[in-house]
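Before any comments, here is the structure.
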2 protein chains.
Amino acid sequence: MSKTTIRLTRFELEVMEELWGIGQGSVREVLEALPTRRRPAYTTVQTIVRRLEEKGAVEQVRKIGNAHIYRPRVSRKAAYRRLVDDFLDLFGGSARPLVAHLAESGKLSLEDLRQAEELLVGEPESA
Amino acid sequence: MSKTTIRLTRFELEVMEELWGIGQGSVREVLEALPTRRRPAYTTVQTIVRRLEEKGAVEQVRKIGNAHIYRPRVSRKAAYRRLVDDFLDLFGGSARPLVAHLAESGKLSLEDLRQAEELLVGEPESA
DNA sequence: GTGGCCCTACGACAGCCGTGGTAGCTTTTT
DNA sequence: AAAAAGCTACCACGGCTGTCGTAGGGCCAC
């Protein structure tokens, strides 16, 4: 289990998602990249970015005017790994009951499973 | 998405897990059913059970001595459905990226997928 | 150079959650 | 019946998260 990486909250993840998307950016750029529906106040994003920096999830790379430009320090993959690992703890740490639940509740199609299978075969690295 | 059911926190889920296991029981029984490692104070369990009752996740069915006996009012399945649904929101609401991630990070075996496939075929109800 | 705008730094706050203490009533045990 | 043990009801509290406001400094256009 990769409990090494930083744990991100839901909104921190959304902010990171934008940063991963654009590579790097200012608070304002992140703000404007957020879907209109859930676009909070400027300072809210700012706070999140600050917390991300405290956690080491992002870093300042330079300034444009007096605005900081931030860049992710953790990969999307690592972040999701941590997220999923934490979630799996609720299922005893194993993915199987989770996938079983997904299948039972009709949230998975055969195609989904087949795609997963391909990924598995193509990348037989063990976790 | 089943956002109808009650949302349970991690520890609430653990308590429910014990209640589902024994069918019904007192605070003390739940406490003692919890794995020794993460066994908190009696009153902690009591607080959680009270909150569960406020939420409608459990109900008092009778008293033994002066102790209440509680019974789940939501099924394990419904509870996990809600849990998973909320989690899936982080993946855009779809299970596919999650399963893909699991496959890529080696958390799934082919056997896991095959089992899921069987469940899928056996229960072709759509969500 | 100065007014206006933008950015930063910091503080605040409420809700949720895990955690447990206390007081007082009940049941059981001497 | 008096003491001991158990249970309930309620309160408290600190950490985390989402949310934002304010104060003050910097930059740009005029």
Side-chain angles (χ1 to χ4, degrees), chain A residues 3 6-19 24-71 79 82-83 86-87 89-90, chain B residues 3 6-19 24-71 79 82-83 86-87 89-90:
Chain A
K3 305 290 183 173
I6 296 163
R7 186 204 310 270
L8 300 179
T9 72
R10 179 178 53 77
F11 192 41
E12 284 170 354
L13 198 64
E14 287 183 35
V15 167
M16 289 299 287
E17 206 57 68
E18 304 308 334
L19 281 179
Q24 60 175 49
S26 65
V27 169
R28 182 153 302 272
E29 284 169 315
V30 169
L31 176 69
E32 286 171 359
L34 287 171
T36 328
R37 295 308 159 210
R38 66 191 105 97
R39 191 177 293 171
Y42 181 92
T43 48
T44 299
V45 176
Q46 200 197 9
T47 298
I48 297 299
V49 171
R50 177 164 46 82
R51 288 179 186 166
L52 284 172
E53 198 193 355
E54 286 166 6
K55 287 183 173 185
V58 305
E59 67 185 343
Q60 299 175 0
V61 284
R62 60 201 175 96
K63 287 187 89 169
I64 290 183
N66 57 350
H68 295 303
I69 303 297
Y70 295 91
R71 176 174 57 185
R82 176 60 193 269
L83 187 70
D86 283 352
F87 187 66
D89 282 347
L90 298 177
Chain B
K3 306 288 184 178
I6 297 162
R7 185 205 310 268
L8 300 179
T9 71
R10 180 177 54 74
F11 193 40
E12 284 170 354
L13 198 65
E14 287 184 35
V15 166
M16 288 300 286
E17 206 57 69
E18 303 308 336
L19 280 179
Q24 59 175 51
S26 64
V27 170
R28 182 153 303 271
E29 284 169 314
V30 169
L31 176 68
E32 286 172 0
L34 287 170
T36 328
R37 294 309 158 210
R38 68 191 104 97
R39 192 177 294 172
Y42 180 93
T43 47
T44 299
V45 176
Q46 199 196 6
T47 299
I48 297 300
V49 172
R50 178 166 47 81
R51 288 179 185 166
L52 284 171
E53 198 193 355
E54 286 166 7
K55 288 183 173 185
V58 305
E59 68 185 343
Q60 298 175 1
V61 284
R62 58 197 177 100
K63 286 187 88 168
I64 291 185
N66 56 348
H68 294 305
I69 302 298
Y70 295 90
R71 178 175 55 187
R82 176 60 192 269
L83 187 70
D86 282 352
F87 187 66
D89 282 348
L90 298 177

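In what follows, every chain begins at residue 1, and chains take the letters A, B, ... in the order their sequences are listed.
When rounded to the nearest whole Å, the span between CG of A/Leu52 and C1' of D/dC16 equals 14 Å. In this structure, CE of A/Met16 is placed 18 Å from C1' of D/dG18, rounded to the nearest angstrom. In this structure, CD of A/Gln46 is placed 6 Å from P of C/dT8, rounded to the nearest angstrom. In this structure, the CD atom of B/Gln60 is 8 Å from the P atom of D/dT8, given to the nearest Å. Atom CG in B/Leu34 sits roughly 14 Å away from atom C1' in C/dT19 (whole-Å rounding). Computed from coordinates, the A/His68 NE2 to D/dG25 C1' distance equals 12 Å when rounded to whole Å. Atom-to-atom, CD of A/Glu54 to P of D/dT17 comes out at 12 Å; the value is rounded to the nearest Å. In this structure, A/Leu31 atom CG and C/dC7 atom C1' are separated by 13 Å, rounded to whole Å.
Residue B/Tyr42 places at least one side-chain N or O closer than 4.0 Å to OP1 or OP2 of D/dT8. For D/dC7, one of the phosphate oxygens OP1 or OP2 lies less than 4.0 angstrom from a side-chain nitrogen or oxygen of B/Arg28. A/Thr43 has no side-chain polar atom (N or O) that falls below the 4.0 Å cut-off from OP1 or OP2 of D/dT19. Not one side-chain nitrogen or oxygen of B/Thr44 sits closer than 4.0 Å to the OP1 or OP2 atom of C/dG18.
The line from OG of A/Ser26 to CD of A/Gln60 is 12.0 Å long, rounded to the nearest 0.5 Å. To the nearest 0.5 angstrom, A/Lys55 atom NZ is 8.5 Å from A/Ile48 atom CD1. Rounding to the nearest 0.5 Å places CZ of B/Arg50 at 9.0 Å from OH of B/Tyr70.
Using a 4.0 Å heavy-atom cutoff across all strands shown, B/Arg10 reaches sugar-phosphate atoms only and no base atom. At the heavy-atom level, B/Thr9 lies under 4.0 Å from the strands shown only through sugar-phosphate atoms. Within 4.0 Å of B/Arg51, counting heavy atoms only, lies at least one base atom of the nucleic acid. Using a 4.0 Å heavy-atom cutoff across all strands shown, A/Thr47 reaches at least one base atom of the nucleic acid.
Under the 3.5 Å distance criterion, the side-chain polar atoms of A/Glu18 are left unmatched by any main-chain donor or acceptor of A/Val15.
Residue-to-nucleotide proximity on DNA chain D shows that, of A/Ile48 and B/Glu53, the 5′-proximal contact is made by B/Glu53. Mapping B/Arg50 and B/Ser26 onto DNA chain D via the closest heavy atom, the residue that lands nearer the 5' end is B/Ser26.
Checking C/dC10, D/dG6, C/dG20 against every side-chain atom of B/Pro40, the shortest atom distance belongs to C/dG20. Relative to the side chain of B/Lys55, the nucleotides D/dT19, C/dA9, C/dC17 differ in distance, and C/dC17 lies closest. The nucleotide whose nearest atom lies closest to any side-chain atom of B/Phe11 is, among C/dG18, C/dC10, D/dC11, C/dG18.
Side chain to side chain, B/Thr43 and B/Gln46 fail the donor-acceptor criterion of an N or O pair below 3.5 Å.
More than 12 heavy-atom neighbours from other residues, nucleotides or ligands sit within 6.0 angstrom of CZ on B/Arg39.
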